[in-house]
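Being a predicted model, the structure only gives us computed values, none of them experimental. In the text below, chain A, chain B and the rest are named by the order of the sequence lines, each starting its count at 1.
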Amino acid sequence: MKKKTHNRNLKALIITLIILTVLSVFSQAENSLVSSGVNTLTKGLFRVSARAAASADSATREELLRENEELKRENASLRAQLSEYIDTKAENERLWSYYGLKKENPSYQVVPGNVIRRDVNDDFYAFTLDVGTALGVRVGAPVITENGLVGWVSQADAAACKVKTILSPDTKASVTDKQSGDSGVLSGSVSLCENHLTAMTKLAESHQVKEGDMIVTAGTGGVYPAGLLVGQVQSIEFNKYDASRYAVIKPYEDVSSITAAAVITDFDSKGKVVKSDAK
Amino acid sequence: MRSKRVFFRRLAFALEVILLWVLQSTPKLLPELYGAKPFLLLSAALAMSACEEVIPSMIWGAVCGALSDISSSGTVGFFSIAFALVCFAQASLLDTYLNRNILTSGVLSLGSVAAVIGLYFVFFRLFAGVPDCGTLFVRRYLLRMAYTFICYIPLYFLNRFLRKTFS
């Protein structure tokens, strides 16, 4: 009897493993049905929980009631203001600084999104946005916040996309020092990620990068538009393994606490390799 | 009557899995231990396999693993297979050779947590050539294993309670 049960269990295990392997093969494609379906069904739930977690630091009920009364009085006085001023203020709050970026760079196609999930298994603060291929998001697209570049889209399905941050060693972006003109490659590392820092590697021997310099994307590879803010040089270090120098960069945005970001789905020099003017 | 109880027990497990998936993935919700967060779905799958028969344990493991895969990589793969295997192994051992109690299931679960998270590290960090793997393992993965196992303990008692209530 025991042997019969054991055999039945083994058969069930083999069948389950075969099903999982087949599912795995079919879910490998970009925009797979499995992840699109699950993300579409659960997007609402994750949005609610992400918003609830973000507002967990908010004030107590009494403080909120008091604030509500004050706001009602203030609102009544604001109604007396010119309607044009109110419309302009509401428009600025809604449009966010991404559209300021778009005004300076009209070729940018920007899709704003909210962070709905963070992968517990990722060591470099990867997150999931609630925008996907249905809105034009593609793998490799740069992801920004109002403070600058924060990552790139590593996976995308119809309803959501996963973003790897600039703290990850998988990130390879050509960057330039605004002050000295030196170019390098932005890439993260495990040791720097602990302190929410990243690195500008492949510095030339004759580089003139110094502390406090501003680092921006070079735009030479056709993957990232030129001029996106990245961070500030914190120090210049020596890599004992390959005898090269690299700059430790403190990103302008704290990628571990982002709650919203935008994906640049298109820009003028996308896909075009441009010769760098940098040193 | 029995099938009704089984249905409610499985419904309770399903709600538990969804709730833990949301808890695990929501930013800033769970406290971090030096940057490490617990792998709640793994804790839940092992807690269920400590209380359930072999085939249901394996299926719950596969479901928890599939949800972890979708959060992590967007594709069903490593976690679904790994969870199904460890849950099957744990449930089989508890069903045939060992007594079902907190001590034996705790030891088995500790080994399972170490195996799954360790294998993930080996395949997706070490073999992938991520630099400074040693630092990563010591500072993040060991803590993640410990945190995941700590979360297993209350889930074991919860699932045992659900099993007793709906059996």
Side-chain angles (χ1 to χ4, degrees), chain A residues 2 5-6 8-10 12-13 16-17 19-21 23-24 26-30 32 34-36 38-39 42 45-46 48-50 52-54 56-57 115-123 125-128 154-157 160-162 168-170 189-191 193-194 241 256-259, chain B residues 18 21-30 32 34-41 53-55 58-59 61-62 65-81 84-85 88-89 91-92 95-96 117 120 124-125 128-136 139-141 144 148:
Chain A
K2 247 187 180 176
T5 315
H6 185 64
R8 193 188 65 191
N9 292 342
L10 273 176
L13 174 68
T16 304
L17 288 176
I19 292 169
L20 288 173
T21 307
L23 259 179
S24 172
F26 279 111
S27 65
Q28 291 299 326
E30 185 183 333
S32 81
V34 172
S35 67
S36 294
V38 172
N39 282 326
T42 58
L45 180 63
F46 279 111
V48 167
S49 68
D57 294 330
V115 176
I116 54 170
R117 275 203 304 265
R118 281 196 182 264
D119 180 13
V120 73
N121 287 306
D122 191 271
D123 307 303
Y125 304 103
F127 54 88
T128 301
S154 59
Q155 280 144 27
D157 59 48
C161 64
K162 187 169 176 189
S168 167
D170 293 334
S189 77
V190 172
S191 49
C193 177
E194 297 269 313
Y241 297 109
S256 65
S257 59
I258 295 170
T259 55
Chain B
I18 291 169
W21 186 38
V22 171
L23 275 177
Q24 169 183 294
S25 307
T26 302
K28 292 196 213 176
L29 198 58
L30 287 178
E32 292 181 8
Y34 295 100
K37 286 173 77 171
F39 204 167
L40 292 178
L41 284 177
E53 290 90 18
V54 180
I55 295 175
M58 178 185 63
I59 292 171
L67 290 177
S68 301
D69 275 324
I70 287 167
S71 297
S72 177
S73 62
T75 59
V76 174
F78 173 79
F79 286 126
S80 51
I81 293 171
L85 283 171
F88 176 87
S92 295
D95 214 30
T96 48
I117 295 178
Y120 177 82
F124 295 94
R125 297 288 179 257
V130 172
D132 272 343
C133 269
T135 312
L136 189 62
R139 288 191 189 173
R140 289 285 177 92
Y141 283 80
R144 189 175 297 160
T148 303

Novice: Taking the six-membered ring for Trp and the full ring for Phe, Tyr or His, determine whether the centres of B:Phe79 and B:Phe39 are under 6.0 Å apart.
Specialist: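 Judged by ring-centre distance (under 6.0 Å), B:Phe79 and B:Phe39 do meet the cut-off.
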Novice: Could you tell me which portion of B:Ile18 (side chain, backbone, both or neither) has an atom closer than 4.5 angstrom to a non-hydrogen atom of chain A?
Specialist: side chain
Novice: Checking heavy atoms, do the side chain of B:Val130, its backbone, both or neither come under 4.5 Å from chain A?
Specialist: side chain
Novice: Between A:Arg118 and A:Ser257, what is the shortest heavy-atom contact and its length?
Specialist: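 Of all heavy-atom pairs spanning A:Arg118 and A:Ser257, the closest is NH2-N, 3.9 Å.
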Novice: Side chain from CB out, backbone as N, CA, C, O: work out which of these in B:Phe78 comes under 4.5 Å of a heavy atom of chain A, or both, or neither.
Specialist: neither
Novice: Between B:Lys37, B:Arg139, B:Glu32, B:Glu53, which shows the greatest number of heavy-atom pairs under 4.5 Å with chain A?
Specialist: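 Option with the greatest count: B:Arg139.
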Novice: So what's closer than 4.5 Å to chain B heavy atoms on A:Ile19: side chain, backbone, both or neither?
Specialist: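 No part of A:Ile19 comes within 4.5 Å of chain B.
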Novice: Side chain, backbone, both or neither: which part of B:Phe124 has an atom under 4.5 Å from a heavy atom of chain A?
Specialist: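 Answer is neither: B:Phe124 stays 4.5 Å or more from chain A.
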Novice: Ignoring hydrogens, what is the shortest heavy-atom contact between A:Ala12 and B:Met58? Give both atom names and the distance.
Specialist: O-CE, 3.4 Å
Novice: For the candidates B:Ser72, B:Gly77, B:Ser71, which exhibits the highest count of non-hydrogen atom pairs separated by less than 4.5 Å from chain A?
Specialist: B:Ser72
Novice: Do the side chains of B:Arg144 and A:Asp123 get close enough for a salt bridge, i.e. N-O under 4.0 angstrom?
Specialist: yes
Novice: Rounded at 0.5 Å granularity, tell me how far CD1 in B:Ile59 sits from OG1 in A:Thr16.
Specialist: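 Reported value, rounded in 0.5 Å steps: 6.0 Å.
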Novice: Tell me, side chain or backbone of A:Tyr125 under 4.5 Å from chain B's heavy atoms, or both, or neither?
Specialist: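 It is the side chain, since no backbone atom gets that close.
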Novice: Mind listing the closest non-hydrogen atom pair of B:Ala84 and A:Leu13 along with its distance?
Specialist: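 Taking B:Ala84 first and A:Leu13 second, the nearest heavy atoms are O-CD1, 4.5 Å.
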Novice: Locate the shortest heavy-atom distance separating A:Arg117 from B:Ile70; write the atom from each residue and the value.
Specialist: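 A:Arg117 and B:Ile70 have their closest heavy atoms at NH2-O, 4.1 Å.
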Novice: Mind ranking B:Leu40, B:Leu30, B:Thr135, B:Ile55 by heavy-atom pairs under 4.5 Å with chain A and telling me who comes out on top?
Specialist: B:Ile55
Novice: Out of A:Leu17, A:Asp170, A:Asn9, A:Thr21, return the one with the most heavy atom pairs under 4.5 angstrom to chain B.
Specialist: A:Asn9
